[in-house]
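What follows is a set of notes on a single structure, which appears directly below.
Source: prediction; values computed, not measured. Because only heavy atoms are used, hydrogens play no part in the values below, and waters and symmetry mates are left out as well, while side chains stay in. Remember, it's 1-based here, ligands and their atoms both numbered in the order they're listed.
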Amino acid sequence: MEPVFDFKGRDVINGYDFTNQELCHIMDTAMIYEKRVKSGEAIKDLEGMLVATLFFEPSTRTRLSFNSAIQRVGASTIDLGNASVSSQAKGETWQDTLRTVDGYVDAIVMRHPEAGSAIEAADIAVHPLINGGDGSRQHPTQALLDIYTIRKETGHLGGQTITFLGDLKYGRTVHSLGYFMQQFGNKMIFASPEELKMPEEITKELRDKGAEIEETTDVKDALSRSDIVYVTRVQRERFPDQASYEAVKGSYILDNELLSYAKKGITIMHPLPRVDEIAVEVDSYEGAAYFRQAHNGMYLRMALLGLVTGRI
Ligand code: CP
């Protein structure tokens, strides 16, 4: 019997809130949306609905792909804009802003620099709350589009080796994706400078759940054994001071020379934006999937919106 899924009214807060069957259903739904968009269909699944995007921290991909997704499924969108054009400038708390906007719309996408803000926001909002990134904690919709990308690029999901390279301490995308990789039985290699290691509580939790994890500073060896490398930016904005950032910035740069040590056919991913951690010369390598990955975000977010509003 086909499993029945009920996503209506659900919040999307963490990268570990979904079963594998649910994750496959979300990806299958995204795939259908991708086909419908590419066929030129004017989709009206969420006609009459209104979705708010509240970004209290800068974003290009998450904000614009959600705004595109909202309009692509036939809904309308309102965007808070930056702090200078909202009552943030008058000192209103984000909680009061959220409470207010919740009364206007059918679903909310929110990004906030404070770790844990998404959990608090989901408690406040009556309507489905989708976490667009809460500080260095979680970025679940990024992890969803990441697994959608892995499945599309490699043809499967599971039994692969993935190296997470770069800032694993503050990189919320790898914090969310790690859980999905564990759920699908992928081996993980964490390659980072000592100062930017994956937080111990996450590594422990993943290992307790049965994940096979190696931690290393030997990037060439990690790449030689990996099917996928997931590069992250060293995030200046998360460091306590400029000196700590300067000490580790540019630690690992994936250029053609380093790529020559990688396993043949390796898929290269990055949540973007990049600064200098992947050299532009690598963009022409056929396994460089990061811009396709960013494009996949729109289809995945269309699927999430359709599912949490109960329209599909
Ligand atoms: N990947 C990602 O979250 O990008 P933005 O910060 O541009 O949204």
message = Ring-plane angle category for Trp94 and His112, please: parallel below 30°, perpendicular beyond 60°, tilted otherwise.
response = tilted
task = Please determine if Lys152 and Glu34 form a salt bridge, counting it only when a charged side-chain N lies under 4.0 Å from a carboxylate O.
result = yes
request  = Name all pairs fulfilling the side chain to side chain donor-acceptor pair (under 3.5 Å) condition that reach into residues 115-124, sequence neighbours left out, sorted by first residue then second.
outcome  = Gln95-Glu120
inquiry  = Students should find this: residues with any non-hydrogen atom under 4.0 Å from ligand 1. What is the answer?
reply    = Ser59, Thr60, Arg61, Thr62, Arg111, His139, Gln142, Pro271, Leu272
Note: Lys187-Glu214 ion pair, threshold 4.0 Å (strictly below) = yes
ask   = Is a salt bridge present between Arg151 and Asp146, judged by a nitrogen-to-oxygen distance below 4.0 Å?
value = no
ask   = CD1 of Ile228 to CD of Gln160: how many Å apart, nearest 0.5 Å?
value = 4.5 Å
